[in-house]
Number of protein chains: 2
Amino acid sequence: MAKRTGVTRQKAARIADVARLAGVSVATVSRTLARPEVVIEETRARVLAAVRDTGYTPNISARNLRVRKTMVVLVAVPDIANPFFAEVLQGIDDTLSTAGYGLIIANLAGSPEKEARYVDLVCAGQADGVLLLCGHVMRSPDRDLREAHVPLVAACEYIPRENFPQVTIDNVGTAREAVGHLIELGHTSIAYLSGPKSNILEQQRLEGYRQALREAGIAADAGLILPGDFTFRAGVEAGRALLALETVARPTALFAANDEMAIGLIKTVHAAGLQIPDDLSVVGFDGIAYADYCEPTLTTIVQPRRDLGATAAAELIALMTIGQAGLRKNIKLPATLMLRDSTRPPRKSPGHSSRGARSG
Amino acid sequence: MAKRTGVTRQKAARIADVARLAGVSVATVSRTLARPEVVIEETRARVLAAVRDTGYTPNISARNLRVRKTMVVLVAVPDIANPFFAEVLQGIDDTLSTAGYGLIIANLAGSPEKEARYVDLVCAGQADGVLLLCGHVMRSPDRDLREAHVPLVAACEYIPRENFPQVTIDNVGTAREAVGHLIELGHTSIAYLSGPKSNILEQQRLEGYRQALREAGIAADAGLILPGDFTFRAGVEAGRALLALETVARPTALFAANDEMAIGLIKTVHAAGLQIPDDLSVVGFDGIAYADYCEPTLTTIVQPRRDLGATAAAELIALMTIGQAGLRKNIKLPATLMLRDSTRPPRKSPGHSSRGARSG
DNA sequence: GATGGACATGTAATCGATTACATTCGGCAT
DNA sequence: ATGCCGAATGTAATCGATTACATGTCCATC
């Protein structure tokens, strides 16, 4: 025995063992577990005792094969180490796991090979549904996730022209609100630290930035749009770029497309002697936990991260169980501007801060 | 049709469909996919063409049932939103997913019900192995994970008296090193911000703290041991406790059992006017990404987070495939003290900083 | 006392793959 | 010509559950 590769594992009790021990048929055992009310008290007791004695647990693969379900959903995450997604995942996990679903987390990490593997997994029927946090429909070289004909829901990143439910926030509107806040404080020279141009969130937040400026009658200055890619590193580099500007040309405020970049930027310019918010007001986006931990605390758009996850999960469950009926295709959750310590009116001389750094 | 609850999904091609189309038996199809070399060129071509035409993918539940494997491992994480674990998870994911394993992430979140559900899952044969990042063997009310007779590996938190492989760092030694660093700088009044007393990591790090003091001939002062629980919040409260002390009684340095608490503490005392590291040197533990982002950057013990995950995953794969032979039970990975900006010699007047706050 | 219906349980088909064993065929040695 | 061997493929058992349908029992009703 055990001549093949692999480890011999103690054989688990099967339903037939329980049936034999209880002196009933396998059907009765199955029914006792699935719909206890249809078997009479006395039989039920015998069966349950046998279940306990044998330590029986149904084999899920067999059940899945029979009922054509897996009770597993796959969640595609761009980067599991990103705190924003980690918090969305918590909401997803809460909802899904109390509904009895297991979670396979597909950490894409920018790797097409991984993505392809997961697409194959889903196509092979390993998941009853998929939650997309990744801004695009997953693909493998010759397959597309949609071919799996599996319920799909997207969250956080809007995926245009797809007709499955999506749970997002109003990125344009909240970005406009964030920049509007800076304008109300009296800023007129406001930079934008952007995400990767191809990203839909970036496009929407940039649009919000532009709208706010336009409404205030402030001319857009392309030189104030700094390139970024949502990483802390990008924030550091944008900070350096800012420092390289002549003092008079420097903006008095900055809106970053996400918190991590904002924090990287603050750290960099502060280390060089700029005071936040005195010399530069900064607004972030996302509301990650660290936005409230950093120094100074970051004014930011806080997204309902858990709720985004929970809502998307609930939609997916609805899709998986009762079908599409009555589902809203495009759910928007409220996100709010949280005022903290990184924003303040510009210094006396309006338009720029001529005194510059080194005041601490 | 589709009269039952649930959504009708397009039926996927089965192996029999492929066999029919290719004009061969199901066995040949299966063999073509599993061991191409045993079927002759011409047949293989016909089968592969049929596979492509039908879009066939093997049904994993059926295969799992037959071969008694799932190619899934369960990872138990205390808290998925904790950045330390998120990074360990990345290492796990890298190794496991390239080996073809799927990942079910059990986010325990302190909930015994969740834990129980996952134990049942594993006992039901839903996973080929389990990775424990959680410092204890998982339990359900009447079951213990060990009863599942599934390969187990623990990482990060040492689980005493269990005889499965464990991948950790030398917590006692590195904690001693961290405190030793403060002593070398000239500090003699060193506080310790602890974790929950029941936690094994806490116990080991406390032991390291004590050893360092003892070696330096510094008397331990129970009043300098602040209660904590590894959360940012606990750091904030410890910071308040520190501020409540009279200036002369205040320690000049502090070792925190993890980075999040260290960061919370720094933020709090800094907001009250204390300068870090001038008025208080702080050393953390873990080396999370934010330890390098915060202000000032945090001197800390950096754990090889990805590597811990990757190594544990590799051990588990070994256990699952070739059995226990040749496995080290207790693997220690190196962790190093990373010197950054939060530590410095104490101020002139040795023993305490009488000038106190309000210097910025 | 037959009839029928409600209820509890049993029998056996089924889900879709893998694989041990059986079969077929061609070639080669005797 | 016979028999044997090995290669290629086919046949059917098997994994462990769920569940449609069949069966049997008991009691109420006419």
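Computed from a predicted structure; not experimentally measured.
Atom OG1 in B:Thr32 sits 8.5 Å away from atom CD1 in B:Ile15 (nearest 0.5 Å). Within the model, atoms CG of A:Leu152 and CD of A:Glu315 stand 13.0 Å from one another, a figure rounded to the nearest 0.5 Å. Rounded to the nearest 0.5 Å, atoms CG (A:Asp128) and CZ (A:Arg68) are 12.0 Å apart. Rounding to the nearest 0.5 Å gives a distance of 9.0 Å between CG of B:Leu131 and SG of B:Cys156. Atom-to-atom distance recorded for A:Ser140:OG and A:Leu145:CG is 9.5 Å, nearest 0.5 angstrom.
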For residues 105-124 of chain A, which side-chain N or O atoms pair as donor and acceptor with protein atoms under 3.5 Å away, sequence neighbours left out?
unit_1: A:Asn107; atom_1: OD1; unit_2: A:Ile80; atom_2: N; d: 3.0
unit_1: A:Ser111; atom_1: OG; unit_2: A:Glu113; atom_2: N; d: 3.4
unit_1: A:Ser111; atom_1: OG; unit_2: A:Glu113; atom_2: OE1; d: 3.3
unit_1: A:Ser111; atom_1: OG; unit_2: A:Lys114; atom_2: N; d: 3.1
unit_1: A:Lys114; atom_1: NZ; unit_2: B:Asp93; atom_2: OD2; d: 2.6
unit_1: A:Lys114; atom_1: NZ; unit_2: B:Asp94; atom_2: OD1; d: 3.3
unit_1: A:Glu115; atom_1: OE1; unit_2: A:His136; atom_2: NE2; d: 3.2
unit_1: A:Glu115; atom_1: OE2; unit_2: A:His136; atom_2: NE2; d: 3.2
unit_1: A:Glu115; atom_1: OE2; unit_2: A:Arg139; atom_2: N; d: 3.0
unit_1: A:Arg117; atom_1: NE; unit_2: B:Ser97; atom_2: O; d: 3.1
unit_1: A:Arg117; atom_1: NH2; unit_2: B:Ser97; atom_2: O; d: 3.4
unit_1: A:Asp120; atom_1: OD1; unit_2: A:Arg143; atom_2: NE; d: 3.3

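In this structure, A:Ile15 atom CD1 and D:dT19 atom P are separated by 11 Å, rounded to whole Å. Note: CZ (A:Arg66) to C1' (C:dA12) measures 11 Å, nearest angstrom. Between the CZ atom of B:Arg35 and the P atom of D:dA8 there is a distance of 13 Å, given to the nearest Å. In this structure, A:Leu65 places its CG atom 17 Å from P of C:dA13, rounding to the nearest Å. One interatomic measurement links the two molecules: CG of B:Asp17 to P of C:dC15, which rounds to 11 Å at whole-angstrom precision.
Side-chain contact between A:Val75 and A:Ile104: absent, with no pair of heavy atoms (C-beta onward) separated by less than 4.5 Å. Contact check for B:Glu157 versus B:Asn199: side-chain heavy atoms found under the 4.5 Å cut-off.
Taking only side-chain nitrogens and oxygens, B:Arg68 comes nearer than 4.0 Å to OP1 or OP2 of D:dG16.
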> In the 5'-to-3' direction, what one-character label does each nucleotide of nucleotides 4-11 of chain C receive under the scheme B = base within less than 4.0 Å of a protein heavy atom, S = sugar-phosphate only, - = no such atom?
Replying inline: ----SBBB
> Step by step, would you call B:Met320 with B:Tyr101 a side chain to side chain contact (heavy atoms under 4.5 Å, CB included)?
Replying inline: CA-CA 11 Å; B:Met320 292 188 298; B:Tyr101 286 91; 3.5 Å; yes
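Near DNA chain C, defined here as any heavy-atom distance below 4.0 Å, there are no residues from residues 49-64 of chain A.
A salt bridge (Lys or Arg N to Asp or Glu O under 4.0 Å) check over residues 100-109 of chain A, counting only residues at least two apart or in different chains, returns nothing. For residues 24-43 of chain A, every residue pair satisfying the salt bridge (Lys or Arg N to Asp or Glu O under 4.0 Å) rule, not counting sequence neighbours, is listed here: A:Glu41-A:Arg44, A:Glu42-A:Arg46.
In the helix from C:dG1-D:dC30 to C:dT30-D:dA1, the terminal helix axes, each the rotation mapping four pairs' C1' atoms onto the next four within five end pairs, subtend 60°, rounded to 10°.
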